[in-house]
Structures are given as structure tokens and as C-alpha cells.
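To start, the structure under review is shown below, and the notes come after it.
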Amino acid sequence: MQLSDFDYFLPDHLIAQFPPAERGGSRLLHLPVQDGMADRRFAELPSLLRAGDLLVLNDTRVIKARLLGQKDSGGQVEAMVERVLNEHEALAMVRASKSPKPGSWLHFGGTWRAEMLARQGEFFHLRFEQPVLTVLDAAGALPLPPYIEHAPDGADAERYQTVFAREPGAVAAPTAGLHFTDAMLATLAGQGVAHARLTLHVGAGTFQPVRVENLAEHRMHHERYSIPAETQAAIRRTREQGGRIVAVGTTSLRALEASCQHGDMAEPVGDTDIFITPGYEFRLVDALITNFHLPKSTLLMLVSAFAGYERMQLAYAHAVREEYRFFSYGDAMLLERR
């Protein structure tokens with residue numbers, strides 16, 4: 001398929017700039033196994049799942065990855081930490097009038113500084129004098145997506161983070177998880193819908209556009225994931241007992257499917273650049289909770305592979321007509337795979 005096959009018209013006013021007034025107060029478009037679709041509220045999710053199902057949540061935590069500062073020369077610089085490598089080192093995208101050279105220093109917040117060690121493709125390898133997460137907590141800003149037009153504030157610090165976020169390292173939220181509350185998870189557990197966790201640290205590459213018409217020429221960004229032993233056991237138990245594996249978000253789905261590329265969860269830890277397009281054979285995931293995705297995005301390709309290209313075309317046209325809210329702070333979908 002071609003890039004143009006995944007384009008659609010989206011009026012600007014449907015791009016959600018703020019979360020709903022209450023977490024979980026969003027709408028939910030349900031695409032069941034059978035044909036058709038239903039307009040629902042996210043609060044109705046417990047009625048759409050059944051005892052024995054397993055929700056798989058991504059517990060990554062968004063870090064304050066955007067840093068503003070100066071080079072040794074005094075020139076302005078912006079660094080977006082893409083991946084924390086160890087306590088003091090990170091890979092980052094760096095914007096400056098002239099790219100910093102190896103051995104030069106970047107200064108942030110008047111207190112913190114990092115040495116540029118080397119270029120690694122589009123990224124800069126930085127070594128911070130203090131722990132990376134300490135610097136980000138003190139001097140960084142929350143990296144809201146580029147289509148959100150307001151500067152991050154205190155409300156974003158809470159709402160652009162899932163209630164189950166635990167492992168710091170993402171530069172974008174696993175947004176399907178933003179709809180869940182502790183009360184919703186407790187309700188689901190009470191009716192026999194268990195949940196398990198994995199970690200996939202979402203990188204800035206999730207917002208990078210596809211720049212080639214021929215999808216076979218596109219190369220995905222790498223993201224680090226980890227699936228704990230207890231989650232692997234819960235997945236196997238659910239499958240043996242006939243329950244469904246319900247991925248909360250495309251990040252959870254990518255981690256699960258990446259782990260199975262060389263056998264059933266044979267790679268529970270690793271880097272993945274898995275690129276899922278129509279024709280992909282899914283191995284683990286039976287249902288997917290997800291938000292609405294950008295035109296021509298790899299995530300729109302993924303959900304089209306999962307639920308069917310024609311079904312997604314109809315669903316997105318319906319969502320636009322019914323004025324669902326789109327993207328990170330927008331409404332959700334529940335997709336059941338045939």
C-alpha cells in the first residue's frame with residue numbers, strides 16, 4: 001500500500017487541545033468482531049469486556065524531556081532527550097544555529113551542563129555532569145505533542161500521565177491509557193478482567209512523518225520495551241483459559257507483537273522497530289483500545305492492519321462526522337480483531 005492510502009480530512013477544531021474535564025470522561029467508538037460500530041462512552045468499557053480478559057498496560061512514565069539552554073558560545077540551543085542510556089548519558093535531538101561539536105558543552109537552567117560526546121545519526125550523545133533524570137526534573141519541560149498549541153502547565157503534568165505510570169523514560173504518553181482511572185481498573189478487576197504491565201518507552205520518533213510514498217522504503221524508529229515474567233505468565237494463562245488479550249494502546253501492542261517475532265514471547269526484552277501495516281499476521285493481541293491517529297501516520301497503518309483497512313476508513317469518516325475528539329487528549333476506540 002502507499003502512503004496516500006492512509007490520508008483523511010480532519011478539521012482543525014477536532015484536534016483536542018485539552019483533556020476532558022474528568023479523566024475517563026471521553027467517548028468510545030466500539031468496533032465489534034461483527035460488522036458495524038457503536039457510539040459509546042468510555043465509562044461503558046466494563047460492559048464491553050468479559051471475565052477472563054486481560055488488559056495489558058504500558059507503565060512508562062513521561063519525563064520532562066525538553067531542555068532549553070546555551071552553547072559555550074552563548075548561542076541558543078534546544079535539546080529533546082530521546083532515550084536515557086544510563087544515569088548520566090542520553091541520546092537527544094539538538095536544535096541550534098550550528099550543531100555542537102564533540103567535546104563542547106551545553107548549559108541548561110544556569111546550573112546544569114552536558115558534554116556532547118558524538119553524533120549517532122540524527123541524535124547527539126550527551127553526558128550530563130549530574131544524573132539525567134535529576135537535570136530533567138529541575139530544568140526540563142513536559143514534551144507535549146506538536147499539535148497541542150499551549151505551553152505545558154500544571155494540569156498537563158497530571159493529565160498527560162497515566163494513573164499507572166511507573167517507569168520514567170518516555171517522551172510521549174501512551175495516550176490510550178490516559179482514559180483509565182483507578183476506579184475503572186478496580187471495577188474491571190471486580191468483574192474478572194485482570195490487568196498486567198509492560199514497559200515501552202515511547203520515543204519522539206512517534207511524531208515523525210512518513211516521508212516516502214512507498215511504505216516498503218520507510219524505516220521505523222527504535223523503542224525499548226520490557227515484558228516482566230509475571231506479565232508473560234498472565235498472558236499464557238489467559239490464552240490457555242480462552243480469555244482475550246486486550247492491548248491498551250498501540251505501544252502495548254507493538255511490544256507484545258515484537259516479543260513474538262521469533263517465537264511466542266521469545267524476546268521479552270529488546271529494541272523494536274516493528275512496522276505493522278495491512279497484511280501483518282497478529283500473534284498475541286485480540287482487542288485494542290486506542291485513540292484516533294494522525295493522517296498518514298504509522299499508527300493509522302497499524303490500526304488498519306489490526307481491524308481492517310476498509311473498516312478503519314469507515315470508522316474514521318464516522319468519527320469526523322460525529323465530531324469525536326482526535327489525538328492524544330482525544331476520544332478512544334475499542335477495536336476487536338476478527
Side-chain angles (χ1 to χ4, degrees), residues 18-19 23-24 55-67 79-93 108-109 112 126 128 130-146 148 151-186 195-207 221-231 247-256 258-259 268-272 289-291 299 327-329 332:
F18 299 93
R23 191 185 291 268
L55 289 173
V56 182
L57 313 172
N58 183 2
D59 66 2
T60 188
R61 186 170 187 82
V62 182
I63 57 177
K64 295 163 68 175
R66 189 183 304 277
L67 290 165
M80 170 70 81
V81 171
E82 167 75 11
R83 179 182 297 191
V84 178
L85 300 175
N86 56 49
E87 186 178 16
H88 287 270
E89 297 181 17
L91 293 180
M93 296 180 178
F108 304 108
W112 318 96
L126 304 180
F128 290 79
Q130 301 297 323
V132 177
L133 294 180
T134 298
V135 176
L136 296 181
D137 283 342
L142 195 70
L144 289 178
I148 291 181
D153 56 24
D156 294 303
E158 176 193 0
R159 297 297 299 276
Y160 195 62
Q161 203 82 261
T162 66
V163 297
F164 43 80
R166 182 168 59 186
E167 301 293 336
V171 302
T175 55
L178 297 179
H179 304 281
F180 285 85
T181 63
D182 290 326
M184 166 75 78
L185 292 172
H195 65 267
R197 301 178 183 225
L198 56 75
T199 304
L200 183 144
H201 291 316
V202 190
T206 192
F207 300 118
H221 58 287
H222 285 257
E223 293 173 317
R224 187 75 176 167
Y225 71 90
S226 175
I227 305 175
E230 56 268 29
T231 297
V248 177
T250 56
T251 59
S252 294
L253 183 148
R254 278 170 51 81
L256 292 172
S259 75
V269 177
D271 279 348
T272 181
I289 298 169
T290 185
N291 283 19
L299 298 182
F327 307 161
S328 293
Y329 277 151

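Sequential numbering from 1 along the given sequence is applied to the chain's residues.
Annotation for Glu89 and Asn86: closest pair N-OD1, 2.9 Å, computed over non-hydrogen atoms. Closest approach of Ile289 to Ala176, counting heavy atoms only: O-CB, 3.3 Å. Closest non-hydrogen pair, Gly169 versus Ile63, comes out as N-CG2, 3.4 Å. Across Met80 and Pro143, no two heavy atoms sit closer than the pair CE-CB, 3.6 Å. Taking all atoms of both residues into account, the shortest heavy-atom contact from Pro168 to His201 is O-CE1, 3.4 Å. When every heavy atom of Ala79 is checked against every heavy atom of Phe108, the shortest pair comes out as CB-CZ, 4.1 Å.
Side-chain N or O atoms of Asp156 include one that pairs as donor or acceptor with a backbone N or O of Asp153 at under 3.5 Å. Checked by atom type and distance alone, the side chain of Gln161 pairs as donor or acceptor with a backbone atom of Val62 at under 3.5 Å. No donor-acceptor distance shorter than 3.5 angstrom exists from the side chain of Glu87 to the backbone of Pro131, with no hydrogens or angles considered. Asp271 places no side-chain N or O within donor-acceptor distance of the main-chain N or O of His222, the cut-off being under 3.5 Å. Formation of a donor-acceptor pair under 3.5 Å by the Ser252 side chain with backbone atoms of Val56 is found in this model. Between the side chain of Tyr225 and the main chain of Leu198, no donor-acceptor pair closer than 3.5 Å is present. Of the possible donor and acceptor atoms, one in the side chain of Arg23 sits under 3.5 Å from a partner among the backbone N and O of Leu178. With hydrogens and angles ignored, the 3.5 Å screen pairs a side-chain donor or acceptor of Arg197 with a backbone N or O of Phe164.
For Thr175, the side chain to side chain donor-acceptor pair (under 3.5 Å) test picks out no residue, with sequence neighbours left out. With sequence neighbours left out, the side chain to side chain donor-acceptor pair (under 3.5 Å) criterion links Thr250 to no other residue. Here Ser328 pairs with Tyr147 under the side chain to side chain donor-acceptor pair (under 3.5 Å) rule; sequence neighbours left out.
With contacts defined as side-chain heavy-atom distances shorter than 4.5 Å, the pair Leu136/Phe128 does not qualify. Side-chain contact between Thr251 and Thr60 is absent, with no heavy-atom pair separated by less than 4.5 Å. The shortest side-chain heavy-atom distance between Arg224 and Val269 falls under the 4.5 Å cut-off. Residues Asn291 and His179 form a side-chain contact, since some pair of their non-hydrogen atoms from C-beta on lies under 4.5 Å apart. Taking the side chain as every heavy atom from C-beta outward, Glu223 and Val202 approach each other to under 4.5 Å. Phe180 is not listed as a side-chain neighbour of Thr162, based on a closest heavy-atom distance of 4.5 Å or more.
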For this session: For side-chain contact (heavy atoms from CB on, under 4.5 Å), just list the numbers for Leu299 and Thr290, CA-CA rounded to whole Å, side-chain angles, deciding distance to a tenth of an Å, and then say yes or no.
Result: CA-CA 10 Å; Leu299 298 182; Thr290 185; over 6 Å; no
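Atom-to-atom distance recorded for His88:NE2 and Gln130:CD is 7.0 Å, nearest 0.5 angstrom. Interatomic distance, CG of Asn58 versus CD of Glu167, reported as 10.0 Å (0.5 Å rounding). Note that CE of Met184 and NE2 of His195 are 13.0 Å apart. Values are rounded to the nearest 0.5 Å.
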